[in-house]
Every structure is written in structure tokens, then in C-alpha cells.
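Report on one structure; see the data block that follows.
Order of the sequence lines fixes the chain letters, A, B, ..., with proteins taken first and strands second; residue numbering starts at 1 for each chain. Model, not experiment: these values are computed from the prediction.
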Amino acid sequence: MSGVTEAPGAAEAGDDARASRKLGLYLTLPAQLLVLFIAVFPLLMQLYISLTGWSPLTGMGWWNAWSLWNSFQNYVELAVDNRWWSALLRTLLVMVVCVPAEFLLGLGLATLFMDNFYGKRAFYSILLMPMMVVPAVAGYMFFMLFQSGGPVNDLLSTLSGQNIAIAWLSNPSLAMVAVMVADIWQWTPLMFLILLAGLVGVQEDQLKAATLLGANWRQRFVTIMLPRMKTIIIIALAIRTIENFKIFDTLYIMTGGGPGVATETISVYIYKLITNDLNWGYVAAIALVILLTLSVALGIAISRMGKASTEVTK
Amino acid sequence: MRRSPAFELFRYAVIVLAIAITLVPIAWMASMAFKPIAEWQATGNNLTWWPKNPTLDNFRFIFGESSTELIVALERTAAKPILASLLASVFGTLIAMAAGSAAAYGLSRFKAGGNLPLALIQLRLFPPMAVMIPVMIMWAFLKLNDTWWGLALVYGIVTLPFAFWLMKTFFDEMPREIEEAALVEGCSRFRVFLKVTLPMMAAPLASSALFVFILNWSDYLIALLLTTREWVTIPVYMASLSSSMTGQLYGAKAALGLIAAVPPIIAGIAIQKHLVRGLTFGALKQ
């Protein structure tokens with residue numbers, strides 16, 4: 001970062017500055033409007049609906065929802081909704097298994113790619129493929145792989161010499177394993193990609209300089225590698241944690257949240273509420289609780305990061 | 001760096017294993033797509049890993065040719081869902097790129113935009129499922145439900161953060177001196193943008209657009225909630241390729257899945273060197 005840069009032609013102040021400000025405003029206006037359109041107005045609408053027992057089945061417009069006003073009943077209900085809490089726990093379980101697994105596998109692979117070797121570019125391109133596959137299609141791939149008469153069992157049978165016919169997707173705990181395997185398959189490449197970029201960046205930038213200045217391996221690792229990799233590791237983990245929290249496509253195609261509710265994450269639970277139960281007032285309440293919690297978390301994270309970066313620059 | 005032969009052996013062993021794990025699911029789907037019915041219905045001991053009698057029947061089937069062996073013909077072919085996916089993704093990309101790169105230019109050059117960057121990060125943070133209720137209500141009201149243009153509008157907004165952050169890093173990197181020189185020579189701001197900035201940004205714009213296209217093309221959840229019949233996209237349509245009579249139409253699904261998987265893989269390889277930047281909101285460059 002180069003710090004504060006002067007606007008072009010800053011010397012000629014006055015009219016020019018005003019014109020620039022105006023142009024800047026016009027340029028950002030479409031994006032502002034789109035955000036307003038999808039965020040602010042809908043948020044207010046959601047807040048309003050969340051205080052009512054409104055559902056599209058009532059046949060009346062959402063603006064008439066006040067006639068079904070139930071104050072904070074939806075929120076009270078949410079606090080004692082066991083299905084919600086277990087969906088949340090399941091979402092967190094998937095997160096604490098998948099994100100570290102993807103991180104470790106990605107980091108391991110990335111360290112192997114730090115220097116040149118024969119076939120590196122081709123291997124690299126192939127390893128990135130899973131994250132480019134449409135998640136719904138990936139879900140379908142693993143749906144096929146984990147059928148009881150499917151290739152995974154076939155492979156296991158061949159390896160063990162016995163006839164294995166595990167019903168992966170209809171066993172509550174194995175279905176969870178299958179879903180996690182699919183997520184790890186698809187998103188380890190992302191960790192690999194980001195961490196490798198970090199490792200290579202460190203190498204090229206400063207390591208040679210440090211070596212020239214006489215730093216030994218340990219000094220290089222502690223003073224250069226670690227601080228630089230720390231930011232990158234945080235970014236990689238943050239991205240995967242956020243995305244993993246939303247998990248829906250792959251999982252829903254593989255199991256539909258089942259068997260029963262065995263793999264039901266919060267996105268799947270909300271989806272079922274939206275389409276089956278049609279209790280939209282309740283869904284709006286859940287949505288607002290999620291949005292509020294995440295916004296607070298983001299605020300804390302940003303202020304922490306701000307502090308950390310000022311400390312670093314000092 | 002010089003490495004020992006033992007290390008090289010270890011490295012190739014690990015990489016070959018990783019490549020195998022990477023490719024098996026994709027290869028299995030590709031193999032299913034070219035299998036005749038008897039082979040894709042086979043399970044357990046009759047399972048064939050590679051099609052013995054490769055055929056294009058599955059592709060013909062999803063494009064409307066009735067199958068005598070399945071005794072079913074599709075009520076609707078895959079042609080329109082493919083069109084829906086294409087239209088919604090392409091126009092969604094155009095919306096995101098137009099609004100996103102304009103805002104990025106405004107912020108990069110004039111420090112305009114206020115808290116827009118933060119709002120856009122927030123937009124990305126939220127699970128889409130949690131904001132779909134108001135969107136569904138609004139879209140029903142605006143008669144945008146079950147249309148590709150309604151879907152394109154949501155896609156444009158959902159991927160706006162990526163378009164914005166990607167283009168912002170590219171604009172930040174572009175040397176200002178060139179624009180300034182043109183300004184000094186008397187060009188208007190707009191002309192400078194049109195004749196100097198835009199041509200220089202052609203490659204970054206193209207890579208960003210491809211990146212955004214991949215994201216739009218990959219959507220399932222939004223289309224699942226906003227399209228019901230006329231303009232369902234490929235992933236939503238896929239679910240209809242099974243019936244109580246025939247069960248899962250594995251071959252047809254695999255063929256369609258293969259069609260859906262190919263464009264983003266090609267686009268992804270084309271923009272490989274910008275992937276890190278895109279995925280980390282420009283925080284990291286390769």
C-alpha cells in the first residue's frame with residue numbers, strides 16, 4: 001500500500017475538485033442503489049415481518065402483516081426451537097471439521113509446490129479443478145459416488161476383499177461424513193491456491209535479501225515467513241469459515257438434509273421453513289438474528305484487524 | 001534448491017495421490033455420461049468404471065429424444081434451462097461489472113463511495129438464504145419471479161462485491177501518470193476514461209468478468225427459490241431428471257452435469273493467475 005495518494009491534478013483545486021467529487025458520486029451511484037435495493041429496504045421489510053405471524057398463505061400482502069402482529073413471539077420461539085439449535089450445532093460441526101482439514105491438506109500440498117519440479121504447472125491446474133465445478137454438480141457427483149452400489153463401496157470392496165455395501169447417505173452419521181468429504185474435496189484447492197500464493201510471495205520478495213544479509217534458516221522463518229504467512233492464513237481461514245457457514249448446495253443435493261434431519265444445517269433448515277412450512281414471519285426472525293450476529297462479528301473482526309495493522313506499521 | 005531423490009519420490013507420490021482424488025469424482029461423472037442404460041444402472045459387482053460401449057444416448061435424451069429402453073420421454077428438454085443459465089449468468093455478470101467497475105473507479109480515483117466497500121463485504125458475509133424472503137416478496141410484486149432477467153438482477157447484486165473489489169485493485173495498480181498526462185493535454189475526464197483508462201483495463205475487465213461469470217453460473221440456491229418452471233436453471237432442472245417410475249436418471253443427470261461443469265473449468269483455467277486476487281477480495285495478489 002502506498003498510503004495516501006493525491007488525486008490527479010490536485011494542484012488545480014476549486015472547480016476541478018468539485019467536478020471530480022461529482023463524477024465520483026455518479027460513478028458509485030449505481031452500486032449504492034443496488035446495495036440499497038437489496039439490503040436496506042428488504043432489511044426493514046424483514047424486521048417488520050419478523051414481528052408478525054405473516055405467511056404468504058394468508059393471501060394478504062406483506063404490508064398488511066400488522067393484523068397478525070405477535071410482538072416478539074417469533075424470537076421467543078426461536079430461543080427454544082430445538083431443531084434450530086441442532087441445525088446450528090451441525091453447521092458448526094461441519095465447519096470445525098472441514099475448515100481445518102482443508103487448511104492442513106492445502107498447506108501440505110502448497111509446501112510441495114514451492115520450488116520447481118517437472119510437471120508443476122499441469123499438476124497445479126488439475127488440482128484447482130474441484131473448486132471450479134458447480135457446487136450443485138459436485139453434490140451430484142458425490143451423490144453417485146456414495147450410492148450403496150456405487151464406486152466408493154466398490155473401491156472399498158476391492159481393497160478389503162470383502163463385499164462392502166454401506167448405505168452412506170441413509171445412515172445418519174455416515175451421511176455427515178459423506179457431506180464433509182464432498183466439501184473437503186471441493187474446497188481444499190482454494191486453501192492450496194491461497195497458501196501457495198503466500199508461500200511463493202514470501203520466497204521471492206524478501207527471503208533472498210535476508211539470505212544475502214546473512215540470516216540463517218530459523219531467523220528467516222521467524223522474522224519473514226511467519227509474519228507474512230500469518231495474514232494470509234487468517235484471510236484463507238476467514239474466507240472458508242464464512243463460506244462454509246453458508247453450506248447448502250452440495251449438501252442439499254446429496255442428502256436433502258436427511259436422513260431425517262441428520263445433516264440439516266441452518267441454510268437447509270431455513271430453506272425447508274421457506275418452502276414447506278411457509279411460516280415467513282418466523283424465517284424473517286431467524287434471518288435477522290443471523291444477520292445481526294454476523295454484523296457484530298464482522299465489526300469486532302474489523303476493529304481488531306485495524307488495531308493489529310496499526311501495531312504492525314508502528 | 002536441491003532436494004534429495006527421496007524427497008522427490010515422496011513429492012510425486014503425494015501429488016499423484018492428490019490428483020487421483022481430485023479426478024475420480026469428475027471422471028466418474030464423465031464416464032456415467034457416456035454409458036448406455038444397462039451400464040449406468042448397474043451396481044455392485046456389475047459396476048463398470050469405464051463405459052464398455054460408449055454412447056451419446058444420454059445427451060440425445062436430455063435434448064428431447066425419447067428413449068425406448070426407459071419408456072419415458074422428458075416433459076421438457078435441457079435446452080431452455082441451459083439458455084436460462086446462460087442468460088441469467090451473462091446478464092448478471094454485465095450488471096455486476098458495470099456497477100462494480102464504475103464504483104471501483106470512483107473510489108480508486110476520487111475517494112468517493114463512503115461506506116460502500118464495507119457494505120459490500122457485509123453483503124458477501126451473509127448467507128443468501130437469510131435475505132431471500134424479502135427478495136422473494138419483492139420479486140413476486142415486481143413480476144420478476146421465474147424470469148431470467150429477475151434472476152440476472154439478483155446475480156448482479158450478489159456478485160457485485162467481487163466485481164468491485166477485483167476492479168478496485170486493478171485500478172489502484174494502474175499508473176495515474178498516464179491519465180494525468182492526457183488530462184494535462186486537455187482531454188475531458190470522460191474522454192480520458194473512454195480513450196485511455198478503458199483500453200488499458202481491457203484485460204483486467206475480461207478476467208474479472210470471467211470470474212464473476214463462474215460465480216453466477218455456479219448458483220443453485222437463488223435459482224431454486226426464484227424460478228419454478230419457465231426459467232429454471234441447469235442445477236434446478238437436474239433435480240427433475242428422476243421419476244418415481246424410473247428412479248434416478250443417472251446417465252441423463254451425468255450428461256447434464258458434464259455440460260454444466262465444462263464452462264467454469266475452462267474459464268477458471270483461463271484466469272488462473274487472477275484467481276487468488278478474486279477469491280481474497282483483492283487482499284492478496286499472485
Side-chain angles (χ1 to χ4, degrees), chain A residues 7-9 20-21 23-25 27-28 30-32 34-35 38-39 42 45-46 62 109 112 115 123 125-127 129-130 132-137 140-142 144-145 149 151 154 165 185 190 193-194 197 232 235 239 242 245-246 248-249 267 270-271 280 283-284 287 290-291 294-295 298, chain B residues 1 11 14-15 18-19 22 25-26 28-29 32 43-44 47 99-100 102-103 105-107 110 112-113 116 119 122-123 125-127 129-131 133-135 137 157 160 164 176 179-180 183 189 214 217-218 220-221 235 238 250 253 257 260-261 264-265 268-269 275-276 279-280 283-284 286:
Chain A
S20 290
R21 206 175 307 134
L23 188 59
L25 188 71
L27 284 169
T28 49
Q32 301 268 27
L34 285 176
V35 171
I38 205 82
M45 183 199 275
Q46 210 155 3
W62 65 273
L109 276 174
L112 294 181
D115 49 351
F123 289 141
S125 297
I126 294 173
L127 285 178
M129 274 167 76
M132 257 91 85
V133 173
V134 179
V137 173
Y140 181 61
M141 287 176 185
F142 281 89
M144 287 195 293
L145 290 176
D154 190 54
W185 176 82
L190 187 138
L193 176 73
I194 295 177
I232 287 158
I235 291 173
I239 289 172
I242 290 169
F245 187 69
K246 306 175 185 172
F248 180 80
D249 296 8
S267 284
I270 296 176
Y271 176 73
W280 286 17
V283 179
I290 295 175
L291 297 186
L294 289 179
S295 297
L298 178 72
Chain B
M1 251 178 273
R11 165 147 73 193
V14 172
I15 289 174
I19 297 270
T22 298
I26 300 173
W28 179 258
M29 189 174 72
M32 287 294 258
T43 56
L47 209 65
Y105 190 67
L107 186 76
F110 312 111
L116 184 69
Q122 222 162 349
L123 200 63
L125 175 68
F126 297 153
M129 198 59 92
V131 287
I133 286 258
V135 173
I137 295 174
I157 300 172
L160 181 62
F164 171 82
R176 281 145 206 265
E179 285 181 330
E180 280 164 31
L183 275 175
R189 263 255 155 239
I214 297 178
W217 182 266
S218 299
Y220 171 57
L221 188 161
M238 257 174 110
Y250 285 124
K253 278 194 171 184
I265 290 181
I269 290 172
L275 278 178
V276 172
L279 291 163
T280 60
L284 244 184
Q286 212 167 8

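Most heavy-atom pairs under 4.5 Å with chain B: of the set A:Val137, A:Leu109, A:Leu190, A:Asp249, this distinction falls to A:Asp249. Most heavy-atom pairs under 4.5 Å with chain B, from the set A:Ile194, A:Ile235, A:Leu127: that is A:Leu127.
Counting all heavy atoms, side chain and backbone alike, B:Arg11 lies closest to A:Leu112 at NH1-O, 2.7 Å. Closest of all the heavy-atom pairs between A:Gly24 and B:Phe110 is CA-CD1, 3.7 Å. Of all heavy-atom pairs between B:Pro235 and A:Ala136, the closest is CB-CB, 3.7 Å. Scanning both residues, A:Thr28 and B:Leu107, for their nearest heavy atoms gives CG2-N, 4.4 Å.
With a 4.5 angstrom heavy-atom cutoff, B:Met238 touches chain A only via side-chain atoms. With a 4.5 Å cut-off on non-hydrogen atoms, A:Leu294 touches chain B through its backbone and its side chain both. For a residue to count as touching a neighbouring chain, one of its non-hydrogen atoms must lie under 4.5 Å from one of that chain's; by this rule A:Trp185 touches chain B with the side chain only. Residue contact with chain B, scored on non-hydrogen atoms closer than 4.5 Å, involves the side chain of A:Ile290 exclusively. Interface remark: A:Phe248 contributes side-chain atoms only to the contact with chain B (heavy atom separation under 4.5 Å).
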### Task
Dump the intermediate steps for side chain to side chain contact (heavy atoms under 4.5 Å, CB included) on B:Tyr250 and A:Tyr140, then the final yes or no.
CA-CA 10 Å; B:Tyr250 285 124; A:Tyr140 181 61; 3.1 Å; yes
### Message
side chain to side chain contact (heavy atoms under 4.5 Å, CB included), that's the test. Do A:Ile232 and B:Thr280 meet it? Break it down for me.
### Response
CA-CA 9 Å; A:Ile232 287 158; B:Thr280 60; over 6 Å; no
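A distance of 6.0 Å separates CD1 of B:Ile269 from CE of A:Met129, quoted to the nearest 0.5 Å. The CH2 atom of B:Trp28 sits 7.5 Å away from the CG atom of A:Leu145 when rounded to the nearest 0.5 Å. Rounding to the nearest 0.5 angstrom, the gap separating the CG atom in A:Leu34 from the CG atom in B:Leu116 is 10.0 Å. Taking CE from A:Met132 and CD1 from B:Ile26, the interatomic distance works out to 9.5 Å, rounded to the nearest 0.5 Å.
A 4.5 Å side-chain heavy-atom check between A:Val134 and B:Pro264 finds at least one atom pair inside the cut-off. The shortest side-chain heavy-atom distance between A:Val133 and B:Ile265 falls under the 4.5 Å cut-off.
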